[in-house]
Protein chains: 2
Amino acid sequence: MKSDVQIAQEHTLEPITRIADRAGIPSDALIPFGTTKAKVDITKLDWDRPNGKLVLVTGVSPTPAGEGKSTTLIGLTDALSMLGNKAVVALREPSQGPVMGIKGGAAGGGYSQIVPMEDINLHFTGDFHAITAANNTLAALIDNHIQQGNELRIDPRQITWQRCLDVNDRALRNVVIGLRGKANGIPREDGFTITAASEIMAILCLATDLADLKRRLGAITIGYSFDGAAINADQIGASGALTALLKDALNPNLVQTLGGTPAFVHGGPFANIAHGCNSLLATGAALKYGDIVLTEAGFGSDLGGEKFFDIKARFGGLDVAGAVVTATIRSIKYNAGVKKDKLTEENVEVLELGVANLARHVENIRKFGVNPVIALNLFATDTDAERAWMKQWAEDFGVQLAEAEVWAKGGEGALELAQVVLDSLVEGESTPLYDPAEGVRASIETIAREVYRAGEVNFSWNAEKDLQQILENGWDQYPVCISKTQYSFSDNAGELGAPTGHTLHVRKLIPRTGAGFIVALTGDVMTMPGLPKRPSAENIDVDEDGRISGLF
Amino acid sequence: MKSDVQIAQEHTLEPITRIADRAGIPSDALIPFGTTKAKVDITKLDWDRPNGKLVLVTGVSPTPAGEGKSTTLIGLTDALSMLGNKAVVALREPSQGPVMGIKGGAAGGGYSQIVPMEDINLHFTGDFHAITAANNTLAALIDNHIQQGNELRIDPRQITWQRCLDVNDRALRNVVIGLRGKANGIPREDGFTITAASEIMAILCLATDLADLKRRLGAITIGYSFDGAAINADQIGASGALTALLKDALNPNLVQTLGGTPAFVHGGPFANIAHGCNSLLATGAALKYGDIVLTEAGFGSDLGGEKFFDIKARFGGLDVAGAVVTATIRSIKYNAGVKKDKLTEENVEVLELGVANLARHVENIRKFGVNPVIALNLFATDTDAERAWMKQWAEDFGVQLAEAEVWAKGGEGALELAQVVLDSLVEGESTPLYDPAEGVRASIETIAREVYRAGEVNFSWNAEKDLQQILENGWDQYPVCISKTQYSFSDNAGELGAPTGHTLHVRKLIPRTGAGFIVALTGDVMTMPGLPKRPSAENIDVDEDGRISGLF
């Protein structure tokens, strides 16, 4: 069987100019990066065009077997193109950290990929690097401000701005910096997050133009003074420099699917530790140049899904016409407690138990006023009996289900799904779940009750203190971005299926006043991943002609 | 007076395709980054063409007033173009750290700049970011190896591989990482260098092709085992992944001067803490497509100059046809001890004392078999009497001197200098200073005696131990890369002019077995700069149209 990278390398890409032409994107808006990638100058797009229809692709709670959410999205879009629709993809950019670790990229797989996949997975057009640079320039300016006299009286113990790198590096989670004397800074505790978790990533993904970007960057809360006053990046004098570092990164990237469908790939916040959606500008541009736009939100309805509606769609005024919940028969078994090495064995009986997870995701999406369909992403080991059971279940449950074979067949494998999706679209009814005006506590409680089905929410002593600070600073009416494990509806990764009545533990609240939301950390979600025992990096190689291997 | 960025922004750039055409670079070798920047695919260049003549531009010991070395190089090249020569520039890329700090970029100034200057100074084509990513991926792989069982028995106290960022951030010089328990790594001391000081920067600048790049990356010594055995990056399984991260960065970047001369701008090691020259591949490509190529080496003959001949030209088999030593009347006064605020007052008497610094640089360059000329970069405050004195001195000393006004006049201001340079060229006589076969100690002593004019070399107890380890590992015949202050020929920044008989203090030797040299740290040279009280970052801004201001 060919690997993803082999399939991608054997494909002949169209020039990106031709892809843009076909989408109607003005040629003077294209900023080429080689011949198959481009940035699109947002100031040269026609923002007065009518919007296409927006479809969200989400999935069941992820399992170690992989569900192929991005792969389904890409295959489905190619199928929509084949059926004569002007379809456009809007996806996140992969983070290099996981590429070197275990997860693989976010560029799809098999015959449903966005290409050039090696470039997209490594550096791409430099957006992550620009964010890393801006994040760490701000950090250096903060420590330098203290070093040079600390006019703002920044309390080194209360700096909330962390450094970041786009590397999976657990050794950087907790560090002490500024050691070895007067010339080398103030000794203090710090930590690195992965770039995908930087507030600047969220800002880039939510900014509507350059002026909005600058305003948001200046509004970043970097910490507190000895007197308890919140201090922002503008007070440090950083707004202009950070905007300069990010002005090119703000333009969405344009690439193509293996089927030749235009794909905007821009921004990459993780969905467990951030808001998990590609940039508003990319989705916005896609809606202007596509009649139907497929976009994803990381992990399930509880993570990227909820944040897609409550943060991204709210901020961007997006109307969502439809949704797809991606599931696999293996993931349903896994959610019933079947071990990873038994997932390929036929087991019809267990589906009844595991399908509760899928049902929960469908119900959750309906709460946002959208009518989801299920994409059952088929694997060779799925049996006829299992497939028949799934179809019957969907009929009984009252949800449309279509099978897809996107990895092996690309768009050809998703034609039925595409028709089901087209038939499901409804406009003008999508809505967020909660009203932020009711306050941060109420917003968290609503999400916990309605989406996670928690019995109660427990705020730690630290979180209560944070909430007090949020109230005092007038930040209580920001939406919330809950950082939670992706493996369970609860904050306990081991609780598979569709748990109810559990307690959500809010450990800490972090005001992200630049992004415009309050992050709530639950359970023990890490904002900096580690590498596994055998990192993918060990398998990656390059031959003398520059051809990369071992990248999935 | 217009700022550099204003002058650059008012200039209409030619499409990079036209610049490449004019140089004869095959169009299929161009990888565009927008319309005015490109990478050049090294595998598509014609390496069988004859070489042009190579001219090194260096300068006097730098002073706070600035000598305009890059500016002179750029103006001089434009003047050579005006005189009908097929001239090409080969320069280093600026580091973002100093751009946000104090120094300014390395893109020239006034009417002698390379453009687009904002892009070149910020991100450019992502080479520094790729190096940062590769450097820190290797670091993460090392700590992960220890965390996952430490098969190689790496001693955490003897890891020599540091992390890096392209930020001026003194607080990261000395850090403790891996804190807070078993899941978060092994607690150990670490430090961040600036990206320009990463061995991977040196490797990128010395690699001759992709295979050589991979071999060098694998040969990086990352530290020692508990048993004292040296461990390299290949043993960690990192060679392939690092090569994948750097394969695009290896291709030189092509831009243009304000005069429309092609400029290869690639690689950016600092000259005080690294070898200080742009990449061999950029210089090599320039020599294939230019009849006369001007390249620089950071700071004076003692730093970039010496390393240019002893490391870069030796490794690349380059023949150097000529050299230019850039000086200003202000720098000569400063080297005589005149304070910064008195440099603009006429003071002919003091020139006699200060010119010793310039004379020393001229003598040093002659030791490498090259016949240097002096470029006297004029400032408005230079008086007729001072200029006359300088000309008479040069005549008496037996060196060609030509005045230049490159900042204000661009190439027009360097026509006389260009003719003097053309007349000075000699081929086939340049040579390194020492024979590495005589060992690291002898090499350092030769440089100290011949170039720094030190009376003796003192190896600290640590340096003696390092030397022992170098001998034991068979690394004693690598060339040396001495890290020293740029402000003095000695290792004491306060000793201006042309000191002799001083003692060079070698504190530490670091084997850079990937780059292929031994770094000798002297004095207290920092490998991570800090920000000043008022960082340039505070002045940088972007308007709503994306126009950057405050960048010099």
Side-chain angles (χ1 to χ4, degrees), chain A residues 31-34 43 96 100 122-123 126 129-130 132-133 136-137 139-141 143-144 147-148 165-180 183-186 210-211 214 237-238 240-241 243-245 247-248 530-531 533 535 537-538 540-542 544-546 548 550-551, chain B residues 31-34 43 96 100 122-123 126 129-130 132-133 136-137 139-141 143-144 147-148 165-180 183-186 210-211 214 237-238 240-241 243-245 247-248 530-531 533 535 537-538 540-542 544-546 548 550-551:
Chain A
I31 304 163
F33 280 67
T43 66
Q96 243 169 53
M100 294 293 157
L122 300 171
H123 308 310
H129 294 323
T132 305
N136 295 330
T137 294
L141 288 168
D143 276 295
N144 188 59
Q147 175 83 3
Q148 305 284 359
L165 276 178
D166 190 17
V167 176
N168 282 17
D169 193 347
R170 68 172 67 75
L172 292 179
R173 284 176 191 153
N174 304 290
V175 302
V176 172
I177 62 170
L179 297 172
R180 225 167 288 174
N184 299 312
I186 306 286
L210 205 54
K214 188 158 126 187
T243 308
L245 285 167
K247 78 176 181 65
D248 296 333
L531 290 169
K533 183 147 179 93
E538 292 182 3
I540 296 175
D541 206 356
V542 186
E544 299 204 3
D545 300 325
I548 291 183
L551 204 60
Chain B
I31 305 163
F33 280 67
T43 66
Q96 244 170 48
M100 294 293 156
L122 299 171
H123 309 308
H129 294 323
T132 305
N136 296 331
T137 295
L141 288 169
D143 277 294
N144 188 58
Q147 175 82 4
Q148 305 283 0
L165 278 179
D166 190 17
V167 176
N168 282 18
D169 194 346
R170 69 171 67 74
L172 292 180
R173 284 175 191 154
N174 304 291
V175 302
V176 172
I177 63 170
L179 297 172
R180 225 168 288 175
N184 300 313
I186 306 286
L210 204 54
K214 186 156 127 188
T243 308
L245 286 167
K247 79 177 181 64
D248 296 334
L531 290 170
K533 184 147 179 91
E538 292 183 3
I540 296 175
D541 206 356
V542 185
E544 298 204 5
D545 299 327
I548 291 183
L551 204 63

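The figures that follow rest on heavy atoms only: side chains count, while hydrogens, waters and symmetry mates do not.
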Exercise for the section: Measure across B:Ile540 and A:Ala244 and return the closest heavy-atom pair with its distance rounded to 0.1 Å. Expected result: CG2-CB, 3.7 Å

Exercise for the section: Could you look at A:Ile548 and say if it's the side chain, the backbone, both or neither that has a heavy atom under 4.5 Å from chain B? Expected result: side chain

Practice task
Answer with side chain, backbone, both or neither: which region of A:Ala238 has an atom nearer than 4.5 Å to a non-hydrogen atom of chain B?
Solution key: neither

Completion exercise
In terms of heavy-atom pairs under 4.5 Å with chain B, the winner among A:Ile31, A:Thr43, A:Leu141 is A:Leu141

Problem - Which portion of A:Leu165 sits near chain B, non-hydrogen atoms under 4.5 angstrom - result: side chain

Exercise for the section: Could you tell me whether the side chain of A:Arg173 and the main chain of B:Ala183 form a donor-acceptor pair under 3.5 Å? Expected result: yes

Practice task
Let me know if A:Asp166 has heavy atoms under 4.5 Å from chain B in its side chain, its backbone, both or neither.
Solution key: neither

Fill in the blank from the handout: One should read off an interatomic distance between B:Lys247 NZ and A:Asp545 CG, to the nearest 0.5 angstrom, of 11.0 Å

Practice task
Below 4.5 Å from any heavy atom of chain A, which atoms of B:Lys533 appear? Answer side chain, backbone, both or neither.
Solution key: both

Practice task
Can you spot which of B:Val175, B:Leu172, B:Asn174 makes a side-chain contact (heavy atoms from CB on, under 4.5 Å) with A:Asn184?
Solution key: B:Asn174

Fill in the blank from the handout: Scored by heavy-atom pairs under 4.5 Å with chain A, the best of B:Ile186, B:Thr243, B:Val176, B:Leu210 is B:Val176

Exercise for the section: Flag the one option from A:Gly530, A:Gly185, A:Ala130 with the top tally of heavy-atom pairs under 4.5 Å to chain B. Expected result: A:Ala130

Exercise for the section: Determine the option with the most heavy-atom pairs under 4.5 angstrom with chain A, choosing from B:Ala211, B:Ala133, B:Ala241, B:Gly126. Expected result: B:Ala241

Fill in the blank from the handout: So, the part of A:Glu544 with a heavy atom under 4.5 Å from chain B: the answer is both

Exercise for the section: Between chain A and each of B:Ala140, B:Gly546, B:Gly237, B:Gly550, count heavy-atom pairs under 4.5 Å; write down the option with the most. Expected result: B:Ala140

Practice task
Can you see which heavy atom on A:Ile177 is nearest to which on B:Ala171, and at what distance?
Solution key: CB-O, 3.3 Å

Problem - Distance, nearest 0.5 Å, that separates CD of B:Gln96 from CG of A:Asn136 - result: 10.5 Å

Practice task
State the CG-CG distance between B:Leu122 and A:Asp248, to the nearest 0.5 angstrom.
Solution key: 8.5 Å

Handout entry: Atom pair NE2/OG1 of B:His129 and A:Thr132 - distance to nearest 0.5 Å
Key = 8.0 Å

Handout entry: CG-CZ distance between B:Asp143 and A:Arg170, expressed to the nearest 0.5 angstrom
Key = 9.0 Å

Handout entry: A:Leu531 backbone acceptor or donor facing B:Gln147 side chain under 3.5 Å
Key = no

Completion exercise
Taken to the nearest 0.5 Å, the spacing of B:Asn144 CG from A:Glu538 CD works out to 8.5 Å

Exercise for the section: Using non-hydrogen atoms and a 4.5 Å limit, figure out which bit of A:Pro535 sits close to chain B: side chain, backbone, both or neither. Expected result: side chain

